[in-house]
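Lettering follows sequence order; numbering is per chain, from 1.
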Amino acid sequence: EAGVVQSPRYKIIEKKQPVAFWCNPISGHNTLYWYRQNLGQGPELLIRYENEEAVDDSQLPKDRFSAERLKGVDSTLKIQPAELGDSAVYLCASSLYTQNPYNEQFFGPGTRLTVL
Amino acid sequence: EDQVTQSPEALRLQEGESSSLNCSYTVSGLRGLFWYRQDPGKGPEFLFTLYSAGEEKEKERLKATLTKKESFLHITAPKPEDSATYLCAVDNYGQNFVFGPGTRLSVLP
């Protein structure tokens, strides 16, 4: 069974440019998460989707970040415009919804973003 | 504010030398505590979920335990392939989901 797929794996951009990350979750997983991980730190949850609905986006910097999950499958995370401090690894994860929405998340390999 | 701390920050062990990693948390309510393993350049890999104080779970050389304020990940007779960063995270009944900074474990042959 294929795991969580993310693309691109690496992205280098100039500051103030836009960037987008794409995630394809495990087939049948209705919960999808986007995280940001800075070097030497644990992942920080940005947004969680149940199907196509964003149920927790309290940590998403809404002035420059946006996300969508059309048809409740693939998801895209966008940053516009990017700032130097956005350099990090962006991780996508998915899970089957249970009473505990954070149980057993399956992570993709991440997209390493470098903003110059 | 919900907080998760982990210690030590880094740990070097000889192969076969057992030890424990600590995860301390401060949350208003705990629905679940999670342990993940992360290899360089990869996403975290799920290990365990613990729900209540006194609960224990085991997987190969790893055993996770939970008290009201902390969790331990015990590694028995580690092998070099156990080298990774071990992350814990807590779920505050959906109000917050927070990862700790991780412990980088190196097991030397």
### Message
Between Arg9(A) and chain B, with a heavy-atom cut-off of 4.5 Å, which part of the residue counts as in contact: side chain, backbone, both or neither?
### Response
side chain
### Query
If every non-hydrogen atom of Ile13(A) is compared with every non-hydrogen atom of Pro18(A), which pair is closest and at what distance?
CD1-O, 4.3 Å
### Query
Who among Thr49(B), Val4(B), Thr85(B) has the most heavy-atom pairs with chain A under 4.5 Å?
Thr49(B)
### Side chain / backbone / both / neither for Gln105(A) at chain B, heavy atoms under 4.5 Å
both
### Task
Could you state whether Phe72(B) and Val90(B) fall into the same hydrophobic cluster, counting links through intermediate Ile, Leu, Val, Met, Phe, Trp or Tyr residues with side-chain heavy atoms under 4.5 angstrom apart?
no
### Message
I'd like to know if Glu14(A) pairs up with Lys16(A) as an ion pair, taking the criterion as any Lys NZ or Arg NE/NH1/NH2 lying under 4.0 Å from an Asp or Glu carboxylate oxygen.
### Response
no
### Query
Relative to chain B, which segment of Asp56(A) carries a heavy atom at a distance below 4.5 Å: side chain, backbone, both, or neither?
side chain
### Per-residue contact mode, Gln37(A) against chain B (heavy atom under 4.5 angstrom)
side chain
### Task
Give, as side chain, backbone, both or neither, the part of Glu9(B) having an atom under 4.5 angstrom from any heavy atom of chain A.
neither
### Query
Side chain, backbone, both or neither: which part of Phe106(A) has a heavy atom under 4.5 Å from chain B?
neither
### Task
Can you establish whether the number of heavy atoms outside Lys57(B) located under 6.0 Å from its atom NZ is more than 12?
yes
#### Entry: Plane angle bin for Phe21(A) and Trp34(A) - parallel if under 30°, tilted between 30 and 60°, otherwise perpendicular
tilted
### Query
Highest number of heavy-atom pairs under 4.5 Å with chain A: which of Pro44(B), Cys88(B), Pro101(B)?
Pro44(B)
### Message
Check this for me: Tyr51(B), atom OH, are more than 12 non-hydrogen atoms of other residues, nucleotides or ligands nearer than 6.0 Å?
### Response
yes
## Note on the structure
Okay, Tyr36(B) and chain A: the region with an atom under 4.5 Å from a heavy atom over there is side chain
### Query
How about Tyr33(A) and Phe97(B): are their ring centroids closer than 6.0 Å?
no
